[in-house]
Structures are given as structure tokens and as C-alpha cells.
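The next block holds one structure in the form of C-alpha cells; read it before the comments.
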Amino acid sequence: MRKALITGITGQDGAYLAQFLLQQGYEVYGLLRRSASAEVIGERLRWLGVIDDLRLIDGDLSDLSSVLRIMSEVKPDEVYNLAAQSFVHASWQQPLLTGSITGLGAVNVLEAVRLVHPAARFYQASSSEMFGKIQESVQSERTPFYPRSPYAAAKMYAHWMTVNYRESFGLHASSGILFNHESPLRGIEFVTRKVTDGVARIKLGLARELKLGNLDATRDWGHARDYVRAMALMLRQETPDDYVIATGRTTSIRDFCAMAFGYAGLAWEEFVKTSSDLMRPAEVDVLHGDAGKAKAVLGWTPSCTLEEMVAEMVEADLARHRGRITQMLPIEARLTVGA
Ligand code: NDP
Ligand code: GDP
């Protein structure tokens with residue numbers, strides 16, 4: 001049975017990747033950082049119904065000794081480094097923490113692989129944010145990077161260290177340059193989930209408006225379930241390499257709002273307000289990926305359309321909020337609505 005170690009297992013991608021690898025017959029281990037709110041930490045893994053099928057081991061990406069200990073305990077065949085301070089907006093407020101986890105944290109994992117278990121195959125979660133102020137209208141593996149945030153700069157460091165460990169030490173280290181990918185398990189602070197959650201609240205009468213920042217930016221959004229499949233495919237190749245993963249379609253935040261509100265039968269213009277507090281010090285205006293190499297070499301293509309993903313996300317948020325409303329009803333009323 002193949003063994004996989006996932007850092008960031010409690011995040012969106014970690015949860016979907018764990019589910020995917022379990023379905024493939026893997027033994028899955030996850031690095032779990034200690035939290036005083038342990039009961040909410042595994043929420044995504046519980047939502048997917050996989051939490052009891054994994055082994056979670058205490059550690060922290062910024063603590064090399066814990067990463068070394070886990071690597072020697074598990075001796076995984078595959079290591080997926082997904083842990084990060086992943087929110088761009090927060091990276092201006094916490095640039096050092098972002099550098100230390102998103103950047104240096106990756107090197108802790110690379111060092112643990114090199115020192116303890118160099119036969120392991122390593123995946124680094126790189127990001128399309130590295131293209132930042134885009135140097136080509138459609139971005140591929142050949143497009144020069146121009147990071148526009150502390151997050152993107154930290155990801156670039158981790159990306160180049162992955163390339164460097166491959167070239168210096170012969171590690172099977174690959175980097176996936178993933179464009180934005182979303183799902184019902186996306187963090188609520190990211191714009192897609194903030195919008196679908198807002199749609200559900202407004203539809204159910206729990207909110208009257210939704211405050212957003214820049215509506216003009218465009219993103220190439222795919223579904224996380226499709227993107228974790230690409231990660232696993234990269235580690236199955238004989239030769240390690242770097243791949244762009246994207247849908248090839250870019251959509252503005254404004255059009256995303258129109259789709260999500262429209263799905264619920266609402267006109268977005270009536271509810272969306274913009275606030276200068278939500279604008280960023282430097283913006284990434286457009287991201288639009290070319291995943292031609294992933295298609296040719298890995299045989300990877302996305303299976304979920306943006307429309308299907310929006311529908312899944314709005315439905316999930318409606319169900320969550322309906323559940324919360326039901327919980328607040330008196331017991332007799334709950335029985336009538338079948339709770
Ligand atoms: P999430 O923010 O949902 O998950 C981040 C994970 O990292 C969580 O499990 C979090 O744990 C963990 N983590 C944070 N700090 C530490 C630490 N010090 N030690 C151990 N674990 C830590 O991110 P996603 O799942 O969306 O993304 C996965 C990776 O892919 C990230 O590296 C992200 O930057 C990158 N990426 C994501 C894209 C996207 O569109 N989703 C696009 C391109 C790249 P906890 O639950 O305890 O907070
Ligand atoms: P990012 O591409 O990793 O930064 O993903 P986000 O989902 O955080 O942001 C995507 C785009 O949406 C960026 O251009 C943001 O400026 C824009 N955006 C507009 N309003 C908001 C908002 O309220 N929250 C977030 N997170 N992004 C917003």
C-alpha cells in the first residue's frame with residue numbers, strides 16, 4: 001500500500017486530496033498543527049467523511065524538528081506540501097509569518113525529505129499569484145513571474161527552492177503552478193465562497209447586502225476536486241517537472257457575482273456594495289492560464305465547468321444556512337421541518 005503525507009490536510013485542497021488518495025487505496029497521513037479549537041479544525045475532513053480513515057500527526061510546518069520526526073515516523077512514498085498562510089490579503093498584514101510558513105516552511109519539508117527519506121516524491125503547491133503583474137496575456141510554464149504580494153513572493157521562494165532541490169540533490173520534486181480553485185470547502189475569506197455564502201444569506205433573509213472590493217479583476221477558476229487529481233498525476237511521472245493547472249477561461253468578479261446571484265434568482269446589482277477597505281495595496285488584475293503541458297504530459301483536463309461549480313457552492317451554502325436556521329427553531333418546529 002502506498003503512503004502519502006499531506007501538510008495542510010485540514011485545508012480545502014488537503015481534504016479533497018486525502019479523499020482522492022484514499023479512494024486510490026493509499027494510506028494517508030496528515031501533519032496537523034495544534035489548535036485550541038480542535039473540534040472545528042477537522043471540519044472539511046468530516047464534511048467529506050474521511051476523517052476516520054486518516055492518521056493525523058501533530059506538528060507545525062515552521063518547526064523543522066517536528067517535520068523531521070514525522071518524515072522518519074511515516075517514511076511516505078509521496079509528500080504533498082500544501083500547508084501555507086494562503087490568503088493574499090492577509091499577507092500584507094503578516095508578511096513575516098507568510099514568509100516563514102509559505103516560503104521557509106516548504107524548505108523545512110524539502111530538508112526533511114533530503115535528510116531523512118530522499119526516495120520520497122515531493123509536490124509543492126505553487127501558485128498562479130506568482131505571475132502577478134502578468135508578463136503575457138495567457139500564462140504558461142514559460143511566462144516570467146512578477147509577484148505582487150508578500151504571499152506571491154513567499155510562494156516564489158518555495159517554488160525556486162523546489163526546482164533547486166531537484167537540480168542540486170536529484171530529488172523527485174515537482175511544483176504545480178495552480179490557478180485559483182474553489183469548492184464548497186473554500187475558505188470563507190476568498191471571494192468566490194464569500195459571494196456564494198452572501199447569496200445564501202440574502203436569499204434566506206439573513207443579510208441584506210454583500211460588501212466586496214475590486215470587481216474588475218479576473219480569475220481563471222476551477223474546481224479543487226479536479227486540481228488535486230493533477231497533483232497526484234505529477235508525482236506518478238517518471239521525471240519530476242513543473243506544470244500549470246488551469247481551465248483556460250477567465251471571468252471577472254462582477255460576472256461571478258452575476259452567475260451566483262442569478263442562480264438563486266437574485267439581481268446582484270441590488271445587493272453588492274463595494275468598499276475601499278477591501279481593495280488591496282497592489283492588485284493582480286488578470287489571471288488566465290494555459291494548461292497545455294499538463295494536458296499533453298499528464299493527460300489532465302478539468303471536468304467541472306464554472307457554472308456547475310457555482311451551482312454546487314450556492315447549494316452547499318444554502319444547505320448550511322438552512323441547517324443553522326433549523327437549529328435555532330424550537331424543538332416542535334424542528335420536528336415539523338424534519339430536522
Ligand atoms: P487553505 O488555506 O484552505 O489550507 C491551508 C492549510 O495549511 C491548512 O490545513 C492550515 O492548517 C495549514 N497550515 C497553515 N499554517 C500551518 C503551519 N504553520 N503548520 C502546519 N499547517 C499549517 O489552502 P488551500 O487548501 O486552498 O490551498 C492549498 C495550498 O495550495 C496552499 O499552499 C495554497 O497557498 C496553494 N494554492 C491554493 C490555490 C487555491 O486557489 N486554493 C491556488 C494556488 C495555490 P489550519 O487548518 O490549522 O489553519
Ligand atoms: P487570490 O487570487 O488568491 O487573491 O483569491 P481571492 O479570492 O482572495 O481574490 C480574488 C480577487 O477577488 C482579487 O483580485 C481580489 O481583489 C478580488 N476581490 C474583490 N472583493 C473581494 C473580497 O471581498 N474578498 C476577497 N478575498 N477578494 C476580493
Side-chain angles (χ1 to χ4, degrees), residues 6-18 30-35 37-38 40-45 56 58-63 66-67 70 80-91 97-98 100-102 104-106 108-109 123-132 148-149 151-152 154-155 158-159 175-183 185-195 198 210-224 227-228 231 244-246 252-254 256-257 272-275 277-287 289:
I6 304 174
T7 75
I9 196 161
T10 53
Q12 169 188 256
D13 291 8
Y16 278 113
L17 179 63
L31 178 149
L32 182 76
R33 62 170 164 167
R34 202 205 85 79
S35 165
S37 318
V40 288
I41 279 289
E43 202 185 326
R44 293 184 174 97
L45 296 165
L56 300 173
D58 277 351
D60 194 293
L61 207 66
S62 59
D63 177 40
S66 65
V67 184
I70 294 168
Y80 296 87
N81 182 41
L82 310 185
Q85 189 302 95
S86 69
F87 187 37
V88 170
H89 195 77
S91 75
L97 177 121
T98 304
S100 135
I101 297 170
T102 307
L104 280 172
N108 283 339
V109 185
Y123 172 86
Q124 169 59 20
S126 287
S127 165
S128 57
E129 286 291 320
M130 300 188 306
F131 295 121
R148 292 272 276 173
S149 63
Y151 166 80
K155 279 287 180 193
H159 174 78
S175 172
I177 306 171
L178 271 51
F179 281 62
N180 298 50
H181 44 282
E182 323 292 312
S183 73
L185 299 184
R186 183 62 144 149
I188 196 89
E189 66 275 36
F190 294 90
V191 75
T192 54
R193 183 69 208 295
K194 186 172 168 184
V195 170
L210 176 65
K211 279 210 178 90
L212 296 176
N214 177 15
L215 303 181
D216 295 324
T218 81
R219 289 292 181 273
D220 181 331
W221 282 298
H223 197 300
Y227 284 40
V228 300
M231 298 175 187
V244 158
I245 300 297
S252 67
I253 316 301
R254 182 176 284 99
F256 186 92
C257 289
V272 173
K273 310 280 177 262
T274 52
S275 160
D277 294 349
L278 294 165
M279 303 290 179
R280 296 178 175 185
E283 182 59 286
V284 172
D285 296 314
V286 176
L287 288 174

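Whatever order the structure lists ligands and atoms in, that order sets their numbers, starting from 1.
Less than 4.0 angstrom separates some heavy atom of Ile41 from each of these atoms of ligand 1: 47 (O). Within the listing of ligand 1, atoms 40 (O) sit less than 4.0 angstrom from a heavy atom of Asn180. Those atoms of ligand 2 with a heavy atom of Ala217 less than 4.0 angstrom away are 14 (O). Residue contact check: Leu31 has heavy atoms under 4.0 Å from atoms 20 (C) of ligand 1. Those atoms of ligand 1 that come under 4.0 Å of a heavy atom in Ile101, given as number and element, are 15 (N), 18 (N). Residue contact check: Lys155 has heavy atoms under 4.0 Å from atoms 31 (C), 32 (O), 33 (C), 34 (O), 35 (C) of ligand 1. Shown in contact with Ala125 at under 4.0 Å from a heavy atom are these atoms of ligand 1, numbered in order with element: 29 (C), 30 (O), 32 (O), 35 (C). Residue contact check: Gly11 has heavy atoms under 4.0 Å from atoms 3 (O), 4 (O), 8 (C), 9 (O), 25 (O) of ligand 1. Each of the following atoms of ligand 2 lies closer than 4.0 Å to a heavy atom of Val88: 3 (O), 4 (O). Residue Phe87 approaches ligand 2 through these ligand atoms, each under 4.0 Å from one of its heavy atoms: 8 (O), 26 (N). Short contacts between ligand 1 and Ser86, defined as distances under 4.0 Å to a heavy atom of the residue, involve ligand atoms 1 (P), 2 (O), 23 (O), 33 (C), 34 (O).
The nearest heavy-atom contact from the protein to atom 43 (C) of ligand 1 is Leu178 O, 3.2 Å. Of the protein's heavy atoms, Gly213 N, 2.8 Å lies nearest to atom 20 (N) of ligand 2. Of all protein heavy atoms, the one lying nearest to atom 26 (O) of ligand 1 is Arg186 NH1, 3.5 Å. Protein heavy atom closest to atom 6 (C) of ligand 1, with residue, atom name and distance, is Gly8 CA, 3.6 Å. In terms of protein heavy-atom proximity, atom 19 (N) of ligand 1 is closest to Leu61 N, 2.9 Å. If you check which protein heavy atom lies closest to atom 5 (C) of ligand 1, you get Ala84 O, 3.8 Å. Ranking protein heavy atoms by distance to atom 13 (C) of ligand 2, first place goes to Arg219 NH2, 3.4 Å. Of all protein heavy atoms, the one closest to atom 17 (C) of ligand 2 is Asn214 O, 3.8 Å. Glu189 O, 2.9 Å is the protein heavy atom nearest to atom 26 (N) of ligand 2. Nearest protein heavy-atom contact of atom 16 (O) of ligand 2 is Glu283 OE2, 2.6 Å. Looking only at heavy atoms of the protein, atom 31 (C) of ligand 1 is closest to Leu82 O, 3.0 Å. The protein heavy-atom contact nearest to atom 7 (O) of ligand 2 is Val191 N, 2.9 Å. With respect to atom 46 (O) of ligand 1, the closest heavy atom belonging to the protein is Thr10 OG1, 2.6 Å. At the shortest separation from atom 27 (O) of ligand 1 among protein heavy atoms lies Asp13 OD2, 3.7 Å.
Contact check on Arg219 versus Glu182 returns no salt bridge, with no Lys/Arg side-chain nitrogen under 4.0 Å from an Asp/Glu carboxylate oxygen.
For the pair Phe256 and Val195, the minimum side-chain heavy-atom distance is below 4.5 Å. Residues Ile6 and Tyr123 fail the side-chain proximity criterion, which asks for heavy atoms closer than 4.5 Å. Residues Asn108 and Leu104 form no side-chain contact, since every pair of their non-hydrogen atoms from C-beta on lies 4.5 Å or further apart. With a 4.5 Å cut-off on side-chain heavy atoms, Asp216 and Ile253 do not count as touching. At a threshold of 4.5 Å between non-hydrogen side-chain atoms, the residues Cys257 and Leu212 count as touching. Residues Leu61 and Asn81 meet the side-chain proximity criterion, which asks for heavy atoms closer than 4.5 Å. Within the 4.5 Å cutoff, the side chain of Thr7 has no heavy atoms near those of the Tyr80 side chain. Between Gln12 and Arg44 the shortest side-chain heavy-atom distance falls below 4.5 Å.
One N or O on the side chain of Lys155 and one on the backbone of Ala125 form a donor-acceptor pair closer than 3.5 Å. Within the 3.5 Å criterion, the main-chain N or O of Leu210 finds no donor-acceptor partner in the side chain of Lys194. Of the possible polar contacts, none joining the Asp220 side chain to the Leu287 backbone as a donor-acceptor pair under 3.5 Å is found. No side-chain donor-acceptor contact under 3.5 Å links Ser37 to the backbone of Val40. Judged purely by atom type and a 3.5 angstrom limit, Thr10 has no side-chain atom pairing as donor or acceptor with the backbone of Ile41. No side-chain donor-acceptor contact under 3.5 Å links Ser62 to the backbone of Ile101. Judged by distance alone, with hydrogens and angles left aside, the side-chain atoms of Arg33 form no donor-acceptor pair with the main-chain N or O of Asp60 at under 3.5 Å.
Considering both main-chain and side-chain atoms, Ser128 never comes within under 3.5 Å of ligand 1 through any nitrogen or oxygen pair. The shortest N or O to N or O distance between His181 and ligand 1 is below 3.5 Å. Taking only nitrogen or oxygen atoms, main chain and side chain alike, Gln12 reaches within less than 3.5 Å of ligand 1. For ligand 1, none of its N or O atoms has an N or O atom of Ser126 under 3.5 Å away. Between Leu212 and ligand 2, no N or O atom pair is found at a separation short of 3.5 Å. Of the N or O atoms in Glu129, one or more lie within a sub-3.5 Å distance of an N or O in ligand 2.
Between Tyr151 and Phe87, the distance from one ring center to the other does not fall under 6.0 angstrom.
Of the heavy atoms in Ile253, only side-chain atoms (C-beta onward) come closer than 4.0 Å to ligand 2. Using a 4.0 Å cut-off between heavy atoms, Asn180 contacts ligand 2 through its side chain alone, with no backbone atom that close. Under 4.0 Å from ligand 2, not a single heavy atom of Met279 appears.
Across all their heavy atoms, Ala152 and Met130 have their closest contact at O-CG, 4.1 Å. Closest of all the heavy-atom pairs between Ser126 and His159 is OG-ND1, 3.1 Å.
Ligand 1 is approached by Asp60 to a heavy-atom distance shorter than 4.0 Å. In this structure, Arg33 counts as a contact residue of ligand 1, since one of its heavy atoms falls inside 4.0 Å of the ligand. Ligand 1 has Tyr151 within reach: a non-hydrogen atom of the residue lies less than 4.0 Å from it.
Looking at Lys211, Arg280, Lys194, His89 and measuring to atom 25 (C) of ligand 2, the nearest heavy atom belongs to Arg280. Closest to atom 21 (N) of ligand 1 by heavy atom, among Gly105, Ala152, Ala83, is Ala83.
Remark: Arg193 fails to qualify as a cation-pi partner of Phe190 under the 6.0 Å distance and 45° angle criteria applied to the six-membered ring.
There is no side-chain donor-acceptor pair under 3.5 Å between Gln85 and Thr102.
The aromatic rings of Tyr16 and His223 sit perpendicular to each other, their planes meeting at more than 60°, with 30° as the lower class boundary.
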